[in-house]
Amino acid sequence: MNRAKVDILGYGVDTFCFNEAVDYIYQTHGQVVTINPEMIEYGNKNSEFKNLINNAELVVPDGIGVKVGLKILGTSVERIPGIDLGKAILKRAQYLKKTVALVGAQQDVIENAVVNLKFEMADLNIVYYRDGYFTDENEVKQELLSKSPDVVLVALGSPKQEFFINSIKKQLPESVFIGLGGSFDVWAGKVKRAPKIFRNLGLEWLYRIVTEPERIKRVFPTLPLFIIKVIKERLLKK
Ligand code: UDP
């Protein structure tokens with residue numbers, strides 16, 4: 001399987017559909033980034049972050065913003081929500097008998113998430129888990145190195161999780177790493193996911209704003225400004 005990346009405002013995004021992305025992850029290993037307009041905005045201010053994204057082994061369009069942006073630029077891609085990709089990676093890990101580690105979220109959240117995942121996937125081999133509020137990052141890295149899990153899910157929020165993964169991935173070249181934002185909160189049952197109708201319409205962000213109004217600062221003005229920049233790029237390309 002070969003990557004076919006398309007560019008959006010200087011960021012390469014893979015065009016695999018959901019199932020291809022899962023296959024590719026298990027062929028390739030390395031860092032999976034689930035990209036959204038907030039990350040692109042942050043990368044524009046922090047070149048280290050931008051380089052990290054462009055050097056990731058796989059970059060999937062997580063939010064509706066990147067999907068719509070790519071459509072404006074002439075490419076249709078399937079939206080690949082990190083939380084769904086994370087679950088699919090775990091299901092495949094169970095099937096392939098791979099070992100799994102989870103790092104992130106509050107202590108009670110990670111504990112409940114592990115219980116729920118084990119309930120759903122009884123044969124999932126979780127060899128390590130840890131909350132995301134540690135003070136000694138090196139200690140966590142050492143623990144991961146000693147377990148050398150095949151799959152490492154990191155939910156520290158962005159850009160923290162991407163930097164964390166980037167700083168350890170070379171020491172575990174056979175492992176797959178993915179940053180999953182608030183997914184453990186959902187798996188723990190602490191946060192509800194948007195109902196299917198919202199998800200199908202690509203309006204998960206709207207649901208999250210309504211249920212967590214403090215999020216509005218993160219989506220606005222980033223999302224509309226991002227779309228405006230994409231339209232500008234499209235007009236310049238003509
Ligand atoms: N988190 C963490 N350590 C930190 C900061 C955040 O483990 O130092 C966790 C937090 O508990 C939550 C997740 O990271 O589970 C971030 O969720 P958010 O919804 O902000 O992420 P997003 O998907 O929007 O990037």
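Keep in mind it's a predicted model, so treat the numbers as computed, not measured. Note that ligands are numbered from 1 as they come in the structure, with each ligand's atoms numbered from 1 the same way.
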What residue and heavy atom of the protein are closest to atom 12 (C) of ligand 1, and at what distance?
-> D185 OD1, 3.3 Å
Non-hydrogen atoms of M39 and I35 that approach each other most closely = SD-CA, 3.9 Å
Could you pull out, from G181, P159, A105, the option with a heavy atom nearest to atom 13 (C) of ligand 1?
-> G181
Of all the heavy atoms in R218, does at least one lie under 4.0 Å from an atom in ligand 1?
-> yes
Any N or O of G182 closer than 3.5 Å to N or O of ligand 1 = yes
Could you establish whether R215 and ligand 1 come within less than 4.0 Å of each other, counting only heavy atoms on the residue side?
-> yes
Looking at atom 3 (N) of ligand 1, what's its closest protein heavy atom, distance included?
-> G132 O, 2.7 Å
What residue and heavy atom of the protein are closest to atom 5 (C) of ligand 1, and at what distance?
-> L156 O, 3.5 Å
Have a look at ligand 1 and work out which part of S183, if any, has a heavy atom under 4.0 Å from it: side chain, backbone, both or neither.
-> neither
In terms of heavy-atom contacts, does NZ of K50 have more than 12 from other residues, nucleotides or ligands at under 6.0 Å?
-> yes
Does K98 make a cation-pi contact with Y26 (under 6.0 Å, within 45 degrees of the axis)?
-> no
Quick one: look up the protein heavy atom nearest atom 9 (C) of ligand 1 and list residue, atom name and how far away it is.
-> A155 O, 3.5 Å
Ligand-residue contact atoms, ligand 1 with K160, heavy atoms, under 4.0 Å | 4 (C), 8 (O)
Would you tell me which option among F184, Y133, F134 has the nearest heavy-atom contact to atom 10 (C) of ligand 1?
-> Y133
Joint hydrophobic cluster, V59 plus F164, side-chain heavy atoms closer than 4.5 Å | no
Can you name the closest pair of heavy atoms from V60 and V13 and give their distance?
-> C-CG1, 4.5 Å
State the atoms of ligand 1, each with its element, that fall below the 4.0 Å cut-off from a heavy-atom position in S158.
-> 25 (O)
Side-chain heavy-atom pair R130, E139 within 4.5 angstrom cut-off | yes
Close-contact set for ligand 1 against R208 heavy atoms, below 4.0 Å = 19 (O)
So is R130 in contact with ligand 1, going by heavy-atom distances below 4.0 Å?
-> no
Near G104, which atoms of ligand 1 are under 4.0 Å from a heavy atom of that residue?
-> 7 (O)
Look at atom CZ of F18 and say whether more than 12 heavy atoms of other residues, nucleotides or ligands are closer to it than 6.0 Å.
-> yes
For the residue pair V22 and F16, establish whether any side-chain heavy-atom pair is separated by less than 4.5 Å.
-> no
Run the side-chain contact (heavy atoms from CB on, under 4.5 Å) check on I83 and W187 step by step: do they pass?
-> CA-CA 9 Å; I83 187 166; W187 293 345; 3.6 Å; yes
Nearest heavy atoms of A93 and V151, plus distance in Å = CB-CG2, 4.4 Å
